[in-house]
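Residue numbers start from 1 in every chain, and the chains themselves are labelled A, B, ... in the order their sequence lines are given, proteins ahead of strands.
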There are 2 protein chains.
Amino acid sequence: MTAKSKTSTSEGAPGAVWFRPEKQSRTKPLLTQDKIVSAAVELLDRDGVRQLSMRKLADRLQAHATSLYWHVSTKDDVLDLALDAVFGEVRLPVESGPSWRDDIIAFMAELRRVLLDHPWAAALASTRPLAGPNALARSEFVYAALAAAGFGRADVLAAGAAVSNYVIGSVSAESVWRHQDEAGTRSALAEHLRAREADYPALAGNFPADGGDWQAHFDRGAQYLVAGMAATAGLE
Amino acid sequence: MTAKSKTSTSEGAPGAVWFRPEKQSRTKPLLTQDKIVSAAVELLDRDGVRQLSMRKLADRLQAHATSLYWHVSTKDDVLDLALDAVFGEVRLPVESGPSWRDDIIAFMAELRRVLLDHPWAAALASTRPLAGPNALARSEFVYAALAAAGFGRADVLAAGAAVSNYVIGSVSAESVWRHQDEAGTRSALAEHLRAREADYPALAGNFPADGGDWQAHFDRGAQYLVAGMAATAGLE
DNA sequence: ACCTGAACACCGTTCAAGT
DNA sequence: ACCTGAACACCGTTCAAGT
């Protein structure tokens with residue numbers, strides 16, 4: 001009986017290895033943190049932060065929601081990791097150029113570009129500490145550039161914060177208007193302002209009919225900031 | 001029989017009005033949009049945006065969650081209304097002063113004060129169009145001040161946006177660090193940076209041990225912005 | 001007109017159980 | 001070590017029903 005069952009499975013027989021499914025595939029996990037994070041970024045890009053759930057995320061990975069918790073301890077972890085992955089897309093120059101102003105301006109434009117690529121990211125960045133390795137590396141770049149330019153400690157701290165906060169605040173606003181029903185709410189607001197021109201004369205008079213040039217406004221604001229930094233700290 | 005029941009309830013008898021519960025209390029709704037919104041602001045202040053649910057909000061008003069939907073059509077409505085109520089706390093001067101720079105600086109400080117009073121508000125403002133009457137009135141003030149100062153249209157638009165975006169971005173970051181486990185994450189980050197000083201020399205060298213002077217950094221950044229606006233537009 | 005109650009289709013997360 | 005399944009305590013919202 002025992003002998004029969006042994007031979008019927010032929011477990012230890014010579015050559016049997018080749019006909020057995022690779023044990024490797026069992027030892028290598030189906031899910032990894034990296035896979036979870038990239039799937040999260042894809043879903044966030046497609047549907048936004050409010051639509052992301054652990055169940056949908058697991059579905060996309062052909063796994064069960066509860067399986068995610070082996071690799072990640074909460075949904076907040078997923079969001080923190082996804083956000084830092086986005087910061088990882090910000091390209092930094094290998095070394096700083098001759099003009100700190102150009103470096104800072106270029107950094108702001110690049111950060112804006114990446115955040116606009118992921119319309120959920122800027123608003124999400126407003127809700128949590130940016131302490132992931134990619135976010136820190138980007139902060140390090142700004143601080144180092146400012147310190148190298150000759151800014152004192154107080155200016156490095158204030159200017160470093162101002163640069164990030166201006167970009168994140170601006171891109172949040174832009175993402176809201178660009179992705180949350182582009183034409184709809186904007187034209188509704190335009191109509192609303194026209195109807196109440198007496199209450200909001202300056203607003204009604206300046207509100208851009210065509211939607212406005214986000215990039216131009218952003219760049220101009222960035223110029224204000226660096227020009228003010230230069231003037232206040234006496235650096236050119 | 002019918003006569004008896006009539007007299008037993010004495011519905012129409014003279015003097016009966018005084019002993020009957022006021023019909024007014026039935027005709028006047030228990031819930032109003034205003035009550036819902038102020039309760040929402042209280043709960044948001046106490047527990048944050050993630051803890052707010054329609055059920056908890058209704059509980060606090062001694063009503064059922066489903067009753068709220070008579071006065072408000074979605075939870076998003078509640079959030080929009082609560083946020084605009086906060087903007088209503090921003091005090092604007094009755095008329096602008098002699099210096100547009102002082103007016104703008106004062107506005108930024110006042111907006112920051114109010115947003116810090118409601119730590120959920122700045123981050124929430126990053127996620128939706130700010131089109132409520134109070135938010136619009138505050139934008140109107142900024143645009144009007146800039147236009148009166150002599151800024152051209154492009155500068156009014158860019159500077160008006162920059163002012164709001166800088167404040168909202170800055171207060172979001174400050175609220176995160178001040179309210180989301182004040183000491184905990186900050187000291188964890190300090191420790192983390194110290195351990196990786198080689199990776200983040202500028203960051204580690206400048207990271208404030210005591211938590212930093214948020215107000216001072218904010219004010220300095222505001223100065224950069226208005227100084228840059230003045231210089232770029234050639235106005236003093 | 002305003003409020004309630006039941007119901008639907010979801011959530012994040014825990015934990016024992018499987019392999 | 002990694003994944004599944006059942007379960008818990010929630011969600012926002014709809015809609016028929018009550019008053």
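One finds no side-chain N or O of A:Lys75 lying less than 4.0 angstrom from the OP1 or OP2 phosphate oxygen of C:dC11. Residue A:His71 places none of its side-chain N or O atoms closer than 4.0 Å to OP1 or OP2 of D:dA1. Taking side-chain N and O atoms only, A:Thr66 has no distance below 4.0 Å to OP1 or OP2 of D:dT4. Contact check, A:Lys56 against C:dC11: a side-chain N or O comes under 4.0 Å of OP1 or OP2. Under 4.0 angstrom from either OP1 or OP2 of D:dC2 there lies no side-chain N or O belonging to A:Ser67.
To the nearest angstrom, C1' of C:dT4 lies 15 Å from CG of B:Leu61. For the pair B:His64 NE2 and C:dG5 P, the interatomic distance rounds to 5 Å; values are reported in whole Å. In this structure, CH2 of A:Trp70 is placed 13 Å from C1' of C:dT19, rounded to the nearest angstrom. Note: OH (B:Tyr69) to P (C:dC3) measures 15 Å, nearest angstrom. Atom CZ in A:Arg50 sits about 14 Å away from atom C1' in C:dC10, given to the nearest Å. Atom-to-atom, CG of A:Leu68 to C1' of D:dT4 comes out at 12 Å; the value is rounded to the nearest Å. D:dC2 atom P lies 12 Å from atom NZ of A:Lys35, rounded to whole Å. Regarding B:Arg55, its CZ atom lies at a distance of 14 Å from the P atom of C:dT4, rounded to whole Å.
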Under the 3.5 Å Watson-Crick or G-U criterion, the dot-bracket string of DNA chain C, with | for inter-strand pairs: ||.|||||...|||||.||

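Side chain of B:Glu89 to main chain of B:Val114: no donor-acceptor pair is present (N/O by atom type, distance under 3.5 Å, no hydrogens or angles).
The nucleotide whose nearest atom lies closest to any side-chain atom of A:Leu31 is, among C:dC3, D:dC11, D:dC3, D:dC3.
Using a 4.0 Å heavy-atom cutoff across all strands shown, B:Leu52 reaches sugar-phosphate atoms only and no base atom.
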